[in-house]
Every structure is written in C-alpha cells, then in structure tokens.
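Single-structure report; data block below.
By convention here, the first residue in the shown sequence is residue 1.
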Amino acid sequence: MKRRNFLTLSAGLGAGATLAACGTSGPAGSGTAKAGEASYWFLSGPPGESVRTGAVDRFNKANPNGQIKINTFQNDAYKDKLKTALGAGQPPTIIWGWGGGGLKSYVDAGQVDDLTDWFGQNAAVKDRLFPSSFGPATINGKIYAMPAETVQPIVLFYNKEVFANAGLTPPQSWGEIMDLVPKFNAKGIAPFSLGGQSRWTNMMWLEFLFDRIGGQTVFGDVFDGKANAWSNPAAIDALTKIQDLIKADGFVKGFSSITADSNADQALLYKGKAAMMVHGSWSYGIIKEQGGSFIADGKLGYMNFPGVDGGKGNPEDTVGNAGQYLSISAKASAEQKDIAKKFFASLLDDTEQTDWIKTGGVPIIKGADAKLASSPDADFLKFVYGVASNAKVFAQSWDQALSPTAAETLLDNISKLFTQSIGPQQFADNMNAVIGK
C-alpha cells in the first residue's frame with residue numbers, strides 16, 4: 001500500500017483495507033452550494049469515508065436549516081479537483097487537507113479564512129484538541145484550519161524476542177543505538193529494517209534527529225523560509241549522524257532497494273531478521289494482519305524515538321501526522337461559513353470518537369483514551385494517545401510541510417544522502433537553494 005494514500009485514506013490500523021473507487025454523494029461540479037447549504041469535499045475509501053459521511057449525516061439531521069452537501073474523491077483526483085476549483089474561485093465551503101505547506105499556499109493566496117478569533121471565542125472546542133495538533137494548522141502565528149480525525153506519530157518498533165535472545169535492552173539514547181549496532185551485526189541480525197527505496201522512510205530518521213539535536217526551531221526555520229536554514233549546525237550534525245549509522249551497517253543490507261509499498265520492512269522485523277524499525281504507527285496494523293501471531297504473542301515492542309546526548313530537543317516530542325485539517329473557503333458566504341463552524345464543533349462528539357477507534361485510529365481529542373480500553377489493540381492505542389497528547393511539538397512530515405517543489409528536491413537529496421553519493425554539506429547546499437520555493 002502506498003504511503004501517501006495510506007496516510008490520507010486509512011488513518012490508523014486498517015492497513016489491509018482496499019482503497020475504494022471514487023464515489024460521490026453530491027454533484028461532481030463546482031464547490032458552490034445553494035442557500036442554507038455548505039459544501040464539503042473529502043477523500044473516498046475505507047475506513048475514513050464512512051466516518052466522515054456519518055458525521056455529516058448526524059449534523060444534517062440535527063440542523064435541518066443548515067445542511068452540508070458532500071463530494072468524495074480518490075486522493076490524486078481530489079488534489080487535482082481542488083486545485084482547479086480554487087483557481088476558478090469555486091472551492092467547497094469546507095476544505096479537507098493536510099495542513100502545512102498546502103495550507104500555507106492557500107493562506108498566501110487568500111483562499112481560506114483565519115480561524116484564530118473563532119477558536120478564541122470557542123475555547124471549549126480548542127481545549128478539547130491536542131495542543132500539538134495545531135502546528136500544521138498555524139501559519140504566521142494564526143490558525144487557518146480545524147485539526148480533526150486521528151493522530152499518526154512515527155514510532156520506534158522493536159522485536160522483543162530478538163532483544164531477549166541477544167541479552168540486550170531497547171535503546172534509551174542515540175549513543176545506545178550506536179552501541180547496539182555492532183552487537184546485532186555480530187549475531188547476523190540487522191539492527192534496523194528500512195525500506196529505503198521509498199525515500200520518505202529515510203526522511204523519518206532525519207525528522208527525529210533534527211528535532212532531538214536542535215529542537216523544533218531547526219526545521220521551523222526551513223518552513224519559515226529562513227535563508228540557509230539547512231546549514232544550521234544542528235542540521236549538519238544530524239546529517240552526519242545518520243551517515244555514521246549507515247557506515248556502521250545500522251540498516252539491513254540492500255535497504256536502498258527495499259520498497260515500503262511491499263511491507264518488506266515490517267516483515268524483516270516480525271520475522272526476526274531485524275531488531276528494530278522506525279516507522280509510522282500504521283505499521284502496527286500491517287504487522288497485525290501479515291505477521292501471524294507476532295503481536296498476539298507479545299513480541300512487538302514500541303517506544304518514542306530516544307533523545308540525543310546533549311541535544312536541545314524534548315524526547316517527548318514526536319513527528320508524523322498530527323491530524324487531518326479542515327479549512328473554510330474565503331469565497332463562502334457568511335451563512336455557509338456559519339454552517340461550517342457549527343459543523344466543526346460537532347466533530348467532538350462521542351460517536352465521532354468511537355467511529356474512529358473502530359477503524360483502529362486514535363482520535364485527536366483529549367480524553368479519547370478512556371474509550372480505547374475496549375479495543376483489542378488497547379495497549380498500542382493508549383501508547384499512541386500518550387505520545388500524541390504529551391508531545392508539546394508534533395512536527396509534521398517534512399514532505400507534507402514543504403511545497404511540492406521543495407518536497408521533491410528533499411526526497412531526491414535524502415536518497416542521495418542515504419546512498420552516500422553526497423555528504424551533509426552538499427545536502428544542505430542543495431536544500432538551501434529551494435528554501436521558499
């Protein structure tokens with residue numbers, strides 16, 4: 001399953017779900033809606049589509065004078081349709097998205113409303129959401145989107161049986177990670193599994209190292225367009241450390257030819273060929289479905305990525321998908337905007353939370369952990385909830401935070417960095433050249 005579709009369509013543990021064809025509950029025309037009606041576009045496919053549709057159905061039944069009309073699209077079709085609609089000045093009232101770089105482009109073009117004052121006037125809504133989820137929704141200090149749905153942090157998974165057999169314990173620092181590498185290699189076990197051909201899997205390592213070494217401001221400066229931000233000493237240190245790990249054979253041999261789409265990286269972990277793996281929380285569902293009794297037998301361990309000795313970052317912070325995001329079109333009428341805001345507040349109800357949990361996701365709402373106990377995956381879901389709720393910073397995946405141009409350059413240079421065809425300084429120089437583009 002492709003990561004981009006997986007992240008945006010499955011929102012959690014439902015890794016085995018087949019992506020549905022494009023469906024629609026309304027006219028496939030422009031985003032305009034008639035009086036007393038707001039339009040809402042979002043992604044089709046299980047399990048997210050049914051949860052989103054259910055939320056709209058409940059809202060419409062409770063608000064006969066303020067209806068929401070929905071259109072659903074597959075991932076790529078949605079992006080194309082939305083781009084066209086925004087360019088034509090006919091977007092939907094409610095814009096579903098990923099925050100970060102995409103949202104910033106809407107803000108820069110004056111296409112979405114500033115919701116800062118609304119959240120200030122509706123503190124009860126804001127206070128129910130994870131504080132860390134507002135990062136990708138905030139541009140230039142103002143909030144332009146409602147965080148929604150589920151959280152998906154990146155996790156350090158490990159094989160408990162492999163560690164026990166080797167007489168070793170999971171790493172609590174970067175130094176301990178490096179100490180474990182030769183010990184596992186000596187036993188013929190890869191220290192870390194990695195589907196490196198997919199590039200974004202490598203990116204997760206850099207996201208954590210940048211944060212743990214220099215704190216949130218290192219990539220924050222990149223996102224804010226600060227000149228030469230990639231040359232920050234903490235960034236160079238992080239880039240150097242990852243190449244140190246590569247040179248020490250920290251990853252499985254041939255990692256650059258392994259694709260994440262094949263789920264071969266997860267298989268190496270649950271088959272005992274690799275001791276550890278840094279991957280998204282959605283990997284749990286993949287392992288549960290494809291790894292036989294590995295999880296049921298209690299062999300899967302998981303933890304937040306450890307700190308780096310002497311680093312400025314907070315080891316409780318995380319990276320990944322802090323949520324999904326709903327914005328309001330600046331072109332919408334005052335009535336449509338009011339309907340949208342009322343709908344936003346309705347997304348905190350118990351049914352919404354329960355429906356996301358049934359899909360194997362962790363709702364973005366404080367207190368949702370009380371509802372996780374009945375899930376067969378309660379331990380893992382509570383862990384994910386704890387990571388997300390305790391993180392003061394939930395940094396967004398870089399390729400979603402940056403513009404499409406900068407993101408592609410980033411992934412290309414990450415691939416070169418991991419194959420050691422370029423070094424840290426060349427990486428920084430190449431990325432500095434596309435800051436703000």
Side-chain angles (χ1 to χ4, degrees), residues 3-4 100-101 104 154 174-175 177-178 181 191-260 265 278-280 305 307-313 317 319-320 393 395-437:
R3 175 252 190 176
R4 179 67 62 182
K104 187 176 186 298
I154 306 304
W174 180 257
I177 285 178
M178 294 302 293
V181 168
F192 286 95
S193 176
L194 180 66
Q197 185 176 325
S198 299
R199 305 184 302 176
W200 58 265
T201 48
N202 307 342
M203 179 181 66
M204 296 185 289
W205 279 87
L206 294 180
E207 289 169 345
F208 271 124
L209 282 172
F210 272 52
D211 176 81
R212 296 298 190 256
I213 293 171
Q216 61 177 305
T217 60
V218 183
F219 182 74
D221 286 346
V222 172
F223 181 76
D224 291 338
K226 184 178 179 180
N228 298 315
W230 290 99
S231 295
N232 185 308
I236 299 298
D237 187 10
L239 296 167
T240 301
K241 279 183 166 55
I242 196 62
Q243 287 203 323
D244 288 344
L245 180 61
I246 295 167
K247 292 172 183 175
D249 293 327
F251 297 113
V252 62
K253 290 182 179 179
F255 71 86
S256 61
S257 63
I258 298 174
T259 66
D265 40 5
V278 173
H279 219 308
F305 195 90
V308 173
D309 303 308
K312 297 179 180 178
D317 290 341
V319 303
V393 177
Q396 189 180 28
S397 295
W398 288 354
D399 58 345
Q400 293 178 4
L402 296 176
S403 70
T405 298
E408 181 55 35
T409 302
L410 170 71
L411 293 172
D412 180 53
N413 278 275
I414 284 176
S415 178
K416 293 175 180 177
L417 182 80
F418 272 67
T419 57
Q420 302 182 72
S421 61
I422 62 173
Q425 191 58 58
Q426 185 63 58
F427 178 97
D429 291 344
N430 293 347
M431 291 310 303
N432 283 333
V434 296
I435 287 178
K437 295 183 179 180

Does [X] reach the main-chain N or O of [Y] with its side chain, forming a donor-acceptor pair under 3.5 Å?
X      : Y      : result
Arg212 : Asp317 : yes
Thr201 : Gln197 : no
Lys253 : Asp249 : no
Ser198 : Ala260 : yes

Do the non-hydrogen side-chain atoms of [X] and [Y] ever get within less than 4.5 Å of each other?
X      : Y      : answer
Lys241 : Met178 : no
Asn232 : Phe210 : no
Phe219 : Asp211 : no
Ile414 : Phe427 : yes

Measure the [atom1]-[atom2] distance between [X] and [Y] for me, rounded to the nearest 0.5 Å.
X      : Y      : atom1 : atom2 : answer
Trp200 : Ser415 : CH2   : OG    : 14.5 Å
Leu209 : Asp237 : CG    : CG    : 8.5 Å
Asn413 : Met203 : CG    : CE    : 13.5 Å
Asp399 : Thr409 : CG    : OG1   : 12.5 Å
Asn430 : Gln425 : CG    : CD    : 10.0 Å
Gln216 : Asp221 : CD    : CG    : 10.0 Å

Could you pull out the closest heavy-atom pair between [X] and [Y], with the gap in Å?
X      : Y      : answer
Gly100 : Gln396 : CA-OE1, 3.0 Å
Met431 : Leu410 : SD-CA, 3.5 Å
Val218 : Ala234 : CG2-CB, 4.0 Å
Asp265 : Ile258 : N-CG2, 4.4 Å
Ile154 : Gly320 : CG1-CA, 3.8 Å
Pro424 : Leu417 : N-CD1, 4.2 Å

Notebook entry, point to check: Among side-chain atoms of Ser231 and Asn432, is any donor-acceptor pair under 3.5 angstrom?
Noted result: yes
Notebook entry, point to check: So Leu245 and Ile242, side chain to side chain contact (heavy atoms under 4.5 Å, CB included) or not? Walk me through it.
Noted result: CA-CA 5 Å; Leu245 180 61; Ile242 196 62; 4.1 Å; yes
Next item on the list: Evaluate side chain to side chain contact (heavy atoms under 4.5 Å, CB included) for Trp230 paired with Leu239, printing each intermediate quantity in order.
Entry: CA-CA 10 Å; Trp230 290 99; Leu239 296 167; 5.8 Å; no
Note to self: Would Val222 and Leu402 count as a side chain to side chain contact (heavy atoms under 4.5 Å, CB included) here? Give the steps.
What the structure shows: CA-CA 9 Å; Val222 172; Leu402 296 176; 4.0 Å; yes
Notebook entry, point to check: For the ring-ring contact (aromatic ring centres under 6.0 Å, His included) test, which of Trp398, Phe255, Phe305 pairs with Trp205?
Noted result: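 With Trp205 as partner, ring-ring contact (aromatic ring centres under 6.0 Å, His included) holds for just one option, Phe305.
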Next item on the list: Go through the steps to decide whether Asn202 and Phe251 satisfy the test side chain to side chain contact (heavy atoms under 4.5 Å, CB included), and finish with yes or no.
Entry: CA-CA 11 Å; Asn202 307 342; Phe251 297 113; over 6 Å; no
Checklist line | Atom CD of Gln243 with >12 non-hydrogen neighbours under 6.0 angstrom | finding: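 More than 12 heavy atoms, drawn from other residues, nucleotides or ligands, come within 6.0 Å of this atom.
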